Amino acid sequence: MVNGKRVLIIIPALNESGSIADVVGEVRGELPGVDVLVVDDGSTDRTAAVAAAAGARVAKLPYNLGVGGAMRLGYRYARDNDYDVAIQIDADGQHDPRYVPKLVDLLDDNDLVIGARFAGEGDYSVRGPRRWAMVMLSGVLSRVAKTRLTDTTSGFRAANRRVIEMFAGWYPAEYLGDTVETLVHTARRGYRIRQVPVAMRKRMAGTPSHSPAKAMIYLGRAFAVLTLALIRR
Amino acid sequence: MKLTLVTGLTGLILLATIVELLRRRQLREKYGMLWLGVLVIVIPLSLFPRLLDNVAGFFGVVSGVSLVLFLGIVFLLLVCVHLSWEVSALEEETRTLAEDFALLRAQIDAERAARLAQDAQLTAANRDELVSHDG
Ligand SMILES: Nc1nc2c(ncn2[C@@H]2O[C@H](COP(=O)(O)OP(=O)(O)OP(=O)(O)O)[C@@H](O)[C@H]2O)c(=O)[nH]1
Ligand SMILES: [Mg+2]
């Protein structure tokens, strides 16, 4: 329980056995009374076992579906088990669970709350094409959502019942679909989106998924995904 | 004459392949019928390539063979698009199945854990009882 609400923390994880125990432990330590669901997305290491030993509930997918696939599973679990709030947190320890109560508070007046870097708190910086992509995404999405969004690809988000219900039935599994397209979809359906500044930490273990060489491709794909999302119903 | 032999034979081999696949139930009927239909049109054409010259002339195409090539490519493109569409639908279906499966497994794991905990409690209680009887 956080502020009288039943809260589920959903952690999508792919080969994160190095950090998942600490992340689960930290969440349970900082937020007593919340449930943690780790969605192991076809990991080849001991992610599922480590997470279960750390006290999380574990849903193990038979093969890799991507973050979007893992998250729809999480939202289905949240809906089926009657949670008021579902919060997505990364398995690499970059998100600080101490921000969770703040996100939950903001859900009183909003449907989807995003924990955003670059919004004043912390010192996370990005340069080059990756930065241009982020500027483009936040510019367009801020307009669509009619609120200031600076970190549209953040994987730190809190959803209330209405959004859980929607995401349980519809959540894209494609590249960037889990972040960019869901924002367009959610905003278009009249849900209120808000961001709160959060400080991001360095990942605890494992390798980051993006290399500088991929930044240019990322820009192109981000543009394509955004355009598609905007012309879809 | 030689060319007619090659094209005609190719058509017949394709026909035999499709029929055999259908017979072994390795091809869904809707696809089998599609290809059979195509072959029914293609085999006469392969034997008598001039068959479509009149139609081609009507559309301003010089030879019937060009017309067949053009239509064939358009048709193959459409089939490819259709198959991509089917694959997308299949991926969505397998995704849902994978999710269902993971949810069920999580539920079973939770139930088993609960049962184990209960068993452990019971044995602990029994042991306590025994100890108190002894004493
Ligand atoms: N379910 C699932 N989770 C994934 C997959 N790939 C990455 N993740 C998880 O998604 C979260 C974010 O992944 P990261 O690789 O940290 O991506 P990021 O935070 O955008 O980028 P960096 O941390 O800067 O590399 C982590 O919890 C990963 O374990 C995947 O294919 N499936
Ligand atoms: Mg990360």
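From a predicted model like this one, the values you see are computed outputs, not experimental measurements. Convention: sequence-line order gives letters A, B, ...; per-chain numbering from 1.
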### Query
Under 6.0 Å from the CD atom of B/Gln26, do we count more than 12 heavy atoms belonging to anything else shown?
yes
### Message
With a 4.5 angstrom heavy-atom cut-off, is it the side chain or the backbone of A/Asp80 that approaches chain B, or both, or neither?
### Response
side chain
#### Entry: B/Phe75 atom CZ, over 12 foreign heavy atoms within 6.0 Å
yes
### Summary
Under 4.5 Å to a heavy atom of chain B? For A/Ala173 that would be both
### Task
Step through the shown structure and confirm whether more than 12 heavy atoms of other residues, nucleotides or ligands are within 6.0 Å of CZ on A/Phe223.
no
### Query
Checking heavy atoms, do the side chain of B/Ala98, its backbone, both or neither come under 4.5 Å from chain A?
both
### Query
What's the verdict on salt bridge (charged side-chain N to carboxylate O under 4.0 Å, His left out) for A/Arg57 and B/Glu111, showing C-alpha distance, side-chain angles and the deciding distance?
CA-CA 12 Å; A/Arg57 299 162 192 213; B/Glu111 275 161 16; over 6 Å; no
### Message
Does any part of the side chain of A/Tyr63, heavy atoms only, come nearer than 4.5 Å to the side chain of B/Thr94, both counted from C-beta?
### Response
yes
### Message
So for A/Leu65, is it side chain, backbone, both, or neither that comes closer than 4.5 Å to the heavy atoms of chain B?
### Response
side chain
### Side chain proximity check, A/Val58 to B/Asp109, heavy atoms < 4.5 angstrom
no
### Query
Do other residues, nucleotides or ligands put more than 12 heavy atoms under 6.0 Å from the CZ atom of A/Arg161?
yes
### Query
Side chain, backbone, both or neither: which part of B/Arg105 has a non-hydrogen atom closer than 4.5 Å to chain A?
side chain
### Message
With a 3.5 Å distance limit and no angle check, can you tell me whether A/Arg76 reaches the backbone of B/Glu99 through a side-chain donor-acceptor pair?
### Response
no
